[in-house]
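Remember, predicted model here, so these are calculated numbers, not experimental data. Counting convention: from 1, in listed order, for ligands and their atoms alike.
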Amino acid sequence: MTDSQDSDPSRAAAAVSEARQWDRLMQLAKLGAIPGDGVNRPCLSSLDREARRLVIAWAEQAGAAVSIDAAANLFLRREGTDPSLAPVLSGSHMDSQPEGGRFDGIYGVIAGLEAITALNDAGITTRHPIEVVAWTNEEGGRFAPGCMGSMAWSGHAPLTSWSHVADQAGITFAAALAEHLACEADLPHRPLGGTPHAYLEAHIEQGPLLEAAGRDIGVVTGIQGSRWFSVTLIGASAHAGTAPVGLRRDAVQDMVRALNALNTLMHDPDDTLRFTVARIDVTPNTSNSVAGRARFTIDLRHPDAAILHAKGDAIAATVHAAIRHCEAVIEEHFTADPISFHPVVVEAVADAAAAEGLTAQRLPSGAFHDAQFVVPLAPTGMIFVPSKDGISHNPAEYSSPGQLAAGTRVLARSLVALAR
Ligand code: GLV
Ligand code: MN
Ligand code: MN
């Protein structure tokens, strides 16, 4: 084999198997399957462990070296001709939303695995090692916030910041992580953190733009910023039949006042700002007791850091001004500023799509991703494939086998270019 053959990106792309990748995704979709073709695979659950074991078996078949870190981030390493060089890192997450789809996250892990398998099959060598990563708890569905694995790995926040966070059954993140690591004790451990040569994450778009434009590939330019808050309103529970309304400290009524005021604060005539209240916990949560406590979450997103900061910083005062009877505790749990991806990776993706004869569009991501926490450490970028009807965080989420394979061909080409 000549030098040019063993580093020819087009041979890497040609070796990507649409059928193998789809079959693996469908095998993984059975782990946590819910009605309507959806998936509920909470992070660090036994289903997550089963899914990881499948991926580990496939990685070992591909000759990859498997390791795990203190955040249970899982790494699958394909060696480079110079093992002393920093790896090119590629991956995503394996946990799902509680009522999620078959592709959000897991596609990026399986695409990375498919890419290194294709490189093997094509006899491609790279100077830099390539590592596929499955980050722990990107979704934040079981333990909020999301992106704990990548935030801890990148030094954005210490792993212990979330030790006390509990799921709905009262199990803490620290306990679930310890249990998971004990179950995975046979895997070699690696230190938390690293400085990759580059990072590239493949993901479904989760929005409607690529499909509407009839494009095959999204060349992702950056990610809008996000802030997560919780608002807890503390009143007093009382008998629904006997407590005069004027004497109540009703947490649900104050929650309605707070939400109305927040909707006014967050109103954006351009419809760029994203303001979501989607989880509400009321205590004691019974029809004939006045609510003594109400807690709701806020997910706020905007591509402009100044607006994100100004609106987020105004939440506490807006809630305090709106409520009448309760005490309010407002906490921020997640802050991710808007980021731009690195031109080297963005252009590698654009060039790879063009070389594959695919139509591409540059676009920012509305969803957050583990990639944004790698940005301070290494040139970073993402590849999107179209999502049917733009649907995601929903069992109906769908991208076709061909669309997913096209994304993986672009990934394989880009990885060869970056790891050369
Ligand atoms: C990721 O799942 C997000 O909520 O953007
Ligand atoms: Mn995702
Ligand atoms: Mn998601």
A.B. asks: Does ligand 1 have any atom that is closer than 4.0 Å to a heavy atom of His369?
C.D. replies: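 His369 does not count as a contact of ligand 1 under the 4.0 Å cut-off.
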A.B. asks: Quick check: does His393 put an N/O/S atom under 2.8 Å from the Mn ion (ligand 3)?
C.D. replies: yes
A.B. asks: With respect to the Mn ion (ligand 2), what is the nearest N, O or S atom of His203?
C.D. replies: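 Among the N, O or S atoms of His203, the one closest to the Mn ion (ligand 2) is NE2.
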A.B. asks: Any luck finding a side-chain donor-acceptor pair between Glu138 and Ser92 under 3.5 Å?
C.D. replies: no
A.B. asks: Does ligand 1 have an atom under 4.0 Å from some heavy atom of Arg301?
C.D. replies: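 Yes, Arg301 has heavy atoms under 4.0 Å from ligand 1.
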A.B. asks: Please confirm whether the ring centroid of His369 lies under 6.0 Å from the ring centroid of Phe384.
C.D. replies: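 Yes, ring centres under 6.0 Å apart.
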A.B. asks: Do any N/O/S atoms of Glu138 come under 2.8 Å of the Mn ion (ligand 3)?
C.D. replies: no
A.B. asks: Only heavy atoms of Ala367, strictly under 4.0 Å: list the atoms of ligand 1 that pass.
C.D. replies: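 Those atoms are 5 (O).
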A.B. asks: My understanding is that only one of His309, Gln372, Gln224 makes a side-chain hydrogen bond (donor to acceptor under 3.5 Å, both in side chains) with Asp337; could you say which?
C.D. replies: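 That would be His309; it is the only one of His309, Gln372, Gln224 passing the side-chain hydrogen bond (donor to acceptor under 3.5 Å, both in side chains) with Asp337.
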A.B. asks: Would you say the ring centroid of Phe334 lies under 6.0 angstrom from that of Phe368?
C.D. replies: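 Ring centroids of Phe334 and Phe368 are less than 6.0 Å from each other.
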A.B. asks: Do any N/O/S atoms of His369 come under 2.8 Å of the Mn ion (ligand 2)?
C.D. replies: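 No - counting backbone and side chain alike, His369 has no N, O or S atom under 2.8 Å.
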A.B. asks: Counting heavy atoms only, which part of His393 comes closer than 4.0 Å to ligand 1: side chain, backbone, both or neither?
C.D. replies: side chain
A.B. asks: With the Mn ion (ligand 3) as the point of reference, which N/O/S atom of Asp104 is the closest?
C.D. replies: OD2
A.B. asks: Quick check: Glu139 and ligand 1, any N/O pair under 3.5 Å apart?
C.D. replies: yes
A.B. asks: Could you say whether the N/O atoms of Phe368 and ligand 1 ever approach to under 3.5 Å?
C.D. replies: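 Phe368 vs ligand 1: N/O contact under 3.5 Å present.
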A.B. asks: Could you tell me whether the side chains of Thr283 and Asn285 share a donor-acceptor contact shorter than 3.5 Å?
C.D. replies: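 No, because no side-chain N or O of Thr283 sits under 3.5 Å from a partner of the opposite role on Asn285.
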A.B. asks: When you compare the side chains of Ser392 and Glu397, does any donor N or O come within less than 3.5 Å of an acceptor on the partner?
C.D. replies: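 Yes, a side-chain donor-acceptor pair sits under 3.5 Å.
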A.B. asks: Scan side-chain atoms only and decide if Gln97 and Glu139 contain a donor-acceptor pair under the 3.5 Å cut-off.
C.D. replies: yes
A.B. asks: Hey, mind stepping through Phe103 and Trp22 against ring pair (Phe, Tyr, Trp, His ring centres under 6.0 Å) and telling me if it holds?
C.D. replies: CA-CA 10 Å; Phe103 307 100; Trp22 182 258; 5.7 Å; yes
